[in-house]
Amino acid sequence: MDIITVKNLHKIYKEAEIEVHAVRGIDLSFKQGEFSAIVGPSGSGKTTFLNLLGGLDTASEGEILIDGTDMEALRGSKLIDFRMKNIGFVFQAYNLIPVLTAKENVEFIMHLQGTSKAERTKRSTELLTAVGLGERLNSRPGKLSGGQQQRVAVARALASKPKFILADEPTANLDSESTANLLNIMERLNKEENITFIFSTHDARVVKKARRIITLEDGKILKDEVK
Amino acid sequence: MNNYFKLAWRNIWRNRRRTLITIASIFFAMFFAVFMRSYQLGSYTNMINSVVVAYSGHLQIQDNKYFKNQTINNSLLFTDDLRSKIESIEEIASYDPRIQSGLLASSGLQSKIGIVLGVEPQKADKLTNLSSRIITIHISDEALEKIKKLDIPEKTFLKIKELKGDYYKDEIDLGYELKLSKDVSEKYLPQILEATKFEGEFFKKDDSDVMVAYRLAQYLNLNIGDSIILLGQGYHGASAVGKYKIKAFLKFPGLDFNNSMVYMTLKNSQELFSAYQIADNNIDTTFMVNYIALNTNEKINISGSSEKKIRTVKKEIENIIKDENISVLFWKKTNKELVQQIDSDNISGQMMLAILYIIIGFGIFGTVLMMVAERKREFGVMIAIGMKKYKLAIVVIFEMIFMGLIGVITGAIATAPWIILGYYFPARLKGDMAKAMEQFNIEPIMPMEWFDVYIINQAVIIFVMVAFTMIYPIIKILFMKVIKALKS
Ligand SMILES: Nc1ncnc2c1ncn2[C@@H]1O[C@H](COP(=O)(O)OP(=O)(O)O)[C@@H](O)[C@H]1O
Ligand SMILES: [Mg+2]
């Protein structure tokens, strides 16, 4: 079953009378359990596309249905709520909350969701253990390496049990060892827990791991291959 | 909620420098505002204590006509009924029925305008602490002779000699002028006091003698035991002439009083001014007074809630007396000049504070701007992963409240020692300033105002100011574009 359906998606940025047509008519769908990479040269519209999928930005034209819900219809705090419940985010720059420990970062969304304390502790510990940070539960982001922070970010993205995880160039700031490590974890979570990952990258090693590769160019789909 | 507290608390300690600047600004604002306010209000309380509490009373009971035209003809009949009504009111701490009238005071060839104040000795003492005004020290020629014979350092003697002819209430009063070192004072003060001792006695209930302000006595060349002649006009044109023996000299904070006051017993003054009415049976006599000054149990100040309470007592007295010809006047009405002076001074003081607040408010706003700029991306992330904007705003509000509380509380605590010190050991003014205050019968001291609501008022003002600086981050958060914030 498709969890995301994208129809005729367009995004035009207008800045000081200059229009940039960043996404020009994308039609796509994603299924539960996918492990897909969005690739393409810099400026091809990867970030823009992921932001639209994540409801962080609004489309100029077209529609996005997530599990049947039209994103266009959601606004303000309804949209924020929808994101919290359905979408996990992993950012290129990790973006953990600096004053919270790894465990607290993971629990943060669960707090917002009103999960019980026992459940929060159980799940955050499980998730951090799953990403190999069972020993670093109480470290603050400043005390963790980039790779470790990004793994916390993955754990955080999973905490709310989202339908899928969007990751915009999650490995761009990581060295090759951390990159491999992170990918292995993501792959394992995908296989064992059937978690849907959609990530953008222009790192060939990351692309290799993907089971579906969507290539963008000038805001359009150039290729869409499934391995 | 707990979670927001935790987040907010940790956030403020994350950029220590910025937080400390913010807290220090709030601390500074609180400290200076309370300090300035305490000084200002303290000086008003001092004025009120010198003038209102120690003389005019919190309230005055008068005949309706007396306020506009203060003559003996507009006196009030002080019936036993009225007295017992006043005494029945618990909130009245002390009352002092008075005759007050100007006349000519003379002795030999000298004469001068004086003011006679007829009072009931015990009542007046209770209300105005009159007995403490009696002079007990006089640096007379004989006294200086005696001191010269004492084995006293030359320097100290010269110091005393400078005060030749002066009168002092007591050793504290003398101490303000003399300023002896501790050693010298311990060694010689008892002897000096012995040598300068001046006899004066507080008058008794039906005393026929009078007490005279020392400068008036000096002017008329009078001494204790001498007689003063008073000449004026009594009730309904009756002539008021009398000769009275002087029992004590009095010293007041103000020149006006020192130049003019003659205190006598109420009875004496009523007879002098023929201020009484004889009943038709030719036997019963009802005496009159010009007004009855009274103090309530309330401690007055400008800042506190005393006004409301005293006005409640005023209402109560009016209800009990129930006489259309009698009015009860609040001290602000009987001391219009004082009130005007305080009001105008108060406004200028508050303007200064307003400027202080604006300057510091901008300082705090600066740190808030920095904070928002620095954390824009983080705010974006939190909203992106599902934190509602208002919740994020609450966290930031908590942060500001925490800093505000820390600054305000530490600021208030820091003023406490100054307030205590300045309250118990007020600065004593000298020179022109002191003279100016004495002209208004105000003791020339600058005490701090004791802890009162004014401190809370400052805290509230500061919180309002902090609340204003919060508007910016709140608006920033509520209208935040997640995408833009993430890119920053
Ligand atoms: N906020 C924006 N305003 C204007 N143009 C933008 C904005 N964001 C991206 N663009 C433009 O849109 C195009 C696609 O950018 P982006 O989605 O970031 O590509 P990618 O992530 O593949 O590098 C680029 O030409 C970029 O300059
Ligand atoms: Mg990009």
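- For B:Lys481, no part sits under 4.5 Å from any heavy atom of chain A, backbone or side chain.
- Of the listed residues (B:Leu7, B:Ile483, B:Asn11, B:Leu486), the greatest number of heavy-atom pairs within a distance under 4.5 Å of chain A belongs to B:Ile483.
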Query raised in the report: For A:Arg83 and B:Val482, what are the C-alpha separation, side-chain angles and deciding distance, and is it a side chain to side chain contact (heavy atoms under 4.5 Å, CB included)?
Result: CA-CA 12 Å; A:Arg83 280 203 300 264; B:Val482 181; 4.1 Å; yes

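- In this structure, chain B has a heavy atom under 4.5 Å from the side chain of A:Glu104, while its backbone stays farther away.
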Requested in this report: Determine, stepwise, if the pair A:Ile80 / B:Met387 fulfils side chain to side chain contact (heavy atoms under 4.5 Å, CB included).
Outcome: CA-CA 7 Å; A:Ile80 295 175; B:Met387 187 171 203; 5.8 Å; no

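- Between chain B and the options A:Leu79, A:Asn51, A:Asp57, the largest number of non-hydrogen pairs under 4.5 Å is found for A:Asp57.
- Nearest heavy-atom pair, A:Phe89 versus B:Ala384, reported as atom, atom and distance to 0.1 Å: CE1-O, 3.4 Å.
- B:Arg377 CZ to A:Asn95 CG: the interatomic distance, rounded to the nearest 0.5 Å, is 4.5 Å.
- Interface remark: of the candidates A:Thr47, A:Ile87, A:Leu96, A:Asp81, A:Asp81 forms the most heavy-atom pairs closer than 4.5 Å to chain B.
- In this structure, the side chains of A:Arg156 and B:Ile385 come closer than 4.5 Å at one or more pairs of heavy atoms.
- For A:Leu56, the parts lying near chain B are the backbone and the side chain together; criterion is any non-hydrogen pair under 4.5 Å.
- In terms of heavy-atom proximity, B:Arg10 sits nearest to A:Leu100 at NH1-CD2, 3.7 Å.
- Summarising the local packing, NZ of A:Lys161 is surrounded by 12 or fewer heavy atoms from other residues, nucleotides or ligands at distances under 6.0 Å.
- Residue A:Tyr13 places its OH atom among more than 12 non-hydrogen atoms of other residues, nucleotides or ligands, all under 6.0 Å distant.
- Between chain B and the options A:Arg140, A:Gln113, A:Lys85, heavy-atom pairs under 4.5 Å are most frequent for A:Arg140.
- If you measure heavy-atom distances from A:Pro162 to chain B, you find no contacts under 4.5 Å at all.
- In B:Lys388, the NZ atom is crowded: over 12 heavy atoms of neighbouring residues, nucleotides or ligands sit closer than 6.0 Å.
- Neither the backbone nor the side chain of A:Phe82 comes within contact range of chain B, judged by heavy atoms closer than 4.5 Å.
- Side-chain contact between B:Lys389 and A:Ser77 is absent, with no heavy-atom pair separated by less than 4.5 Å.
- Heavy-atom contacts from other residues, nucleotides or ligands closer than 6.0 Å to CE of B:Met370 number more than 12.
- Around NZ of B:Lys391, the count of heavy atoms belonging to other residues, nucleotides or ligands within 6.0 Å exceeds 12.
- Annotation: A:His202, atom NE2; neighbour count of heavy atoms from other residues, nucleotides and ligands within 6.0 Å does not exceed 12.
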